[in-house]
Amino acid sequence: MVFGQWTVLDRPCALSDAGERKWLCRCACGTERYVRERSLLSGGSQSCGCMTRRRAAEAGGYDLRGRSFGNLIVVGAAERRPNDRARRWKCRCGCGRLVEYPSSLLVTGKRTSCGCGAKRKYACADIQGKRFHRLTALYPLEERDAAGYVLWHCRCDCGKEIDVSYNRLVYGNMRSCGCQKKEYDQALQGYLTHVAGTCVDMLKSDKLPKNNTTGVRGVYRIRGKYVAKIVFQKKQYHLGSYDSLEEAALARREAEEQINGAFVEYFEKWERRAREDAAWAEENPIRVEVGRDGQNRVELHFEPAL
């Protein structure tokens with residue numbers, strides 16, 4: 001039997017690792033190779049590759065202007081780039097997006113759309129006037145996001161107007177122009193104590209993050225090693241890599257005593273004096289300098305002296 005440029009020569013060989021039958025075939029160019037039965041029947045394999053290479057070579061000399069390739073219509077030649085080996089063409093996809101592809105990909109059928117796929121059918125739905133949390137969709141734009149979704153010009157309840165993709169509005173968690181997060185952060189300031197660039201409440205907490213897989217806060221397994229880290233004043237400090245979880249956990253506990261414990265203890269002393277003398281507290285804010293001791297352990301130096 002003949003499938004494209006392939007002619008089946010022999011009985012099927014032993015099953016492949018995936019349990020599929022493979023047939024010995026000869027291409028029109030003379031190349032012999034075992035080809036999966038599924039690829040032959042579905043048309044996934046038409047030749048050893050010679051047909052694609054021949055079409056790609058021929059495509060460079062064709063004028064493709066006005067021709068259609070799937071959802072793409074060639075509207076003109078693209079500007080040649082210094083590193084281009086093949087001629088490129090400007091194409092308009094059925095979704096309206098303008099893209100550029102080399103002639104070889106168009107002629108061989110490897111590019112039939114801008115990549116929008118079936119999702120474009122609903123990515124262009126009319127959502128004008130609809131509300132998405134604090135955002136109201138006003139009108140669509142001609143531009144698309146990186147995934148090909150329509151951008152919508154929206155107005156937030158605060159009055160600010162921004163452009164948001166259809167996907168983020170309908171399927172994402174886009175709630176506002178950013179004002180909601182600012183309000184949340186400001187409200188959070190009233191519940192948490194921030195001093196010298198760090199949160200005292202977070203230093204006191206021993207809650208384990210949800211993404212932690214070792215069971216020890218600040219210890220992560222990376223490439224077979226247990227890596228200990230600690231964060232202070234939004235800066236991460238590396239505490240070393242260890243062969244065992246116990247060693248990494250010990251290094252983390254020592255760092256917590258050196259950093260978290262020392263800072264909380266100093267802050268509580270400073271706070272007691274600040275309650276007694278507000279003028280002194282205003283003239284002597286907490287200042288912290290992070291350094292390393294003789295054993296390369298992280299340590300803190302505080303001002304003012306108490």
Side-chain angles (χ1 to χ4, degrees), residues 44 52 55-56 59-60 62-189 209-211 231 234 236:
T52 301
R55 287 179 179 176
Y62 293 154
D63 185 356
L64 304 182
R65 191 178 289 105
R67 292 186 58 181
S68 298
F69 300 91
N71 290 331
L72 297 174
I73 299 178
V74 181
V75 297
E79 184 177 349
R80 192 173 184 85
R81 303 171 185 173
N83 297 327
D84 282 349
R85 295 184 179 180
R87 192 173 184 181
R88 300 175 64 86
W89 296 89
K90 291 182 179 179
C91 307
R92 187 173 299 280
C93 184
C95 67
R97 189 180 182 189
L98 197 64
V99 290
E100 295 182 6
Y101 290 124
S103 54
S104 57
L105 296 183
L106 294 171
V107 174
T108 56
K110 293 184 178 181
R111 290 293 183 274
T112 57
S113 72
C114 68
C116 55
K119 65 184 179 184
R120 283 293 174 80
K121 295 178 181 179
Y122 58 81
C124 299
D126 186 4
I127 56 174
Q128 186 172 8
K130 292 187 177 181
R131 284 182 59 85
F132 301 91
H133 303 287
R134 295 189 179 187
L135 295 172
T136 301
L138 300 181
Y139 54 84
L141 305 175
E142 293 185 1
E143 293 82 358
R144 302 291 190 270
D145 67 0
Y149 288 94
V150 177
L151 290 176
W152 281 82
H153 190 72
C154 305
R155 180 184 293 119
C156 184
D157 288 349
C158 70
K160 185 177 180 180
E161 297 187 2
I162 59 172
D163 298 332
V164 187
S165 72
Y166 177 95
N167 186 44
R168 295 189 68 189
L169 284 172
V170 179
Y171 302 102
N173 196 31
M174 191 76 177
R175 294 177 173 269
S176 71
C177 66
C179 60
Q180 188 175 25
K181 183 179 184 304
K182 291 179 181 178
E183 292 172 5
Y184 174 79
D185 291 342
Q186 290 174 359
L188 196 62
Q189 294 291 334
K210 293 182 179 180
N211 62 347
V231 176
K234 300 180 181 180
Q236 184 171 264

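- Judged purely by atom type and a 3.5 angstrom limit, R88 uses its side chain to pair as donor or acceptor with the backbone of E100.
- Closest heavy-atom contact between I127 and A137: O-CB, 3.4 Å.
- Across all their heavy atoms, C154 and L169 have their closest contact at SG-CD1, 3.7 Å.
- The two atoms that bring V74 and C91 nearest to each other are CG2-SG, 4.0 Å, heavy atoms only.
- Applying the salt bridge (charged side-chain N to carboxylate O under 4.0 Å, His left out) definition to pairs two or more places apart or across chains, those involving residues 128-138 are R131-D157, R134-E183.
- Atoms CZ and OG, on R67 and S103 in that order, are 10.5 Å from each other to the nearest 0.5 Å.
- Across all non-hydrogen atoms, the minimal contact from R92 to V75 is CB-CG1, 4.2 Å.
- Using a 4.5 Å heavy-atom cutoff, the side chains of E143 and D163 are not in contact.
- Taken from CG in N71 to CZ in R111, the straight-line distance is 14.0 Å, to the nearest 0.5 Å.
- Here the closest heavy-atom approach between residue V164 and residue R168 is recorded as CG1-CB, 3.9 Å.
- I73 CD1: 12 or fewer foreign heavy atoms inside a 6.0 Å radius.
- Remark: H153 engages Y139 in a ring-ring contact (aromatic ring centres under 6.0 Å, His included) (not counting sequence neighbours).
- The structure places CG of L135 at 11.0 Å from NZ of K160, a figure rounded to the nearest 0.5 Å.
- Expressed to the nearest 0.5 Å, how far CE of M174 lies from CD of Q180 amounts to 10.5 Å.
- Nearest approach of W89 to G76, heavy atoms of both residues: CE3-O, 3.4 Å.
- For the atom pair OH (Y101) and OG (S113), the distance works out to 6.5 Å, reported to the nearest 0.5 Å.
- Rounding to the nearest 0.5 Å gives a distance of 6.5 Å between CG of L106 and CG of L72.
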